[in-house]
Amino acid sequence: MTWRDQALKNFGVWLAVYPSVLLFSYGFQWLGIEVPLWLEILISTAFTVPLISHVAVPWVEKRLAHAKGETQAELKRDEADMVEDDGDS
């Protein structure tokens, strides 16, 4: 996976993280729930992290692989090879 591909993947994930956290924040306000900021962040990340892991990352990887004319497995293999190459340095 090239630097550009990794940057696109990170940007795609960020596009999922930002609205998710924002919606939770507005949701607390809309429902009139007043909790300390640390608790609001704890709750929002408890829902956001699985959303990102199981929905956003696979979706972004699928789109990135399709754009490169590869399968998701090939994209992951390229990413793994890149990590192994860095470890051999």
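By convention here, the first residue in the shown sequence is residue 1. Because only heavy atoms are used, hydrogens play no part in the values below, and waters and symmetry mates are left out as well, while side chains stay in.
Here the OH-CG distance, from Tyr26 to Leu31, works out to 14.5 Å after rounding to the nearest 0.5 Å. Within the model, atoms CD of Gln6 and CG of Leu64 stand 9.0 Å from one another, a figure rounded to the nearest 0.5 Å. Of the inter-residue distances, the one linking Asp5 atom CG with Asp78 atom CG reads 8.5 Å to the nearest 0.5 angstrom. One distance of note links CZ of Phe28 with CG of Leu23; it measures 12.0 Å at 0.5 Å rounding. Separating the NZ atom in Lys62 from the CD atom in Glu70 is a distance of 15.5 Å, to the nearest 0.5 Å. Summarising the geometry, atom CD1 belonging to Ile33 is positioned 9.5 Å from atom CD belonging to Glu40; distances are rounded to the nearest 0.5 Å.
Placement of Phe11 and Leu22 within a single hydrophobic cluster is found when ILVMFWY residues are connected by side-chain heavy-atom separations under 4.5 Å, directly or transitively. No single ILVMFWY cluster, assembled from side-chain heavy atoms under 4.5 Å apart, contains both Tyr18 and Val21. Note on Val17: it does not cluster hydrophobically with Phe47, by side-chain heavy-atom contacts below 4.5 Å among ILVMFWY residues. In this structure, Phe24 is a member of the same hydrophobic cluster as Trp30, with clusters built from ILVMFWY side-chain heavy atoms closer than 4.5 Å.
Without hydrogens or angle criteria, Thr45 side chain to Ile41 main chain gives a donor-acceptor distance under 3.5 Å. Of the possible polar contacts, none joining the Ser20 side chain to the Ala16 backbone as a donor-acceptor pair under 3.5 Å is found.
Contact between Ala46 and Pro50 at its shortest, heavy atoms only, is O-CD, 3.1 Å.
Salt bridge status for Lys9 with Glu79: present, with a side-chain N to carboxylate O gap under 4.0 Å.
Tested against Ile52 for a side chain to side chain contact (heavy atoms under 4.5 Å, CB included), the candidates Val55, Val49, Thr48 yield a single pass: Thr48.
Counting heavy atoms from C-beta outward, Thr71 and Glu74 have side chains that approach closer than 4.5 Å.
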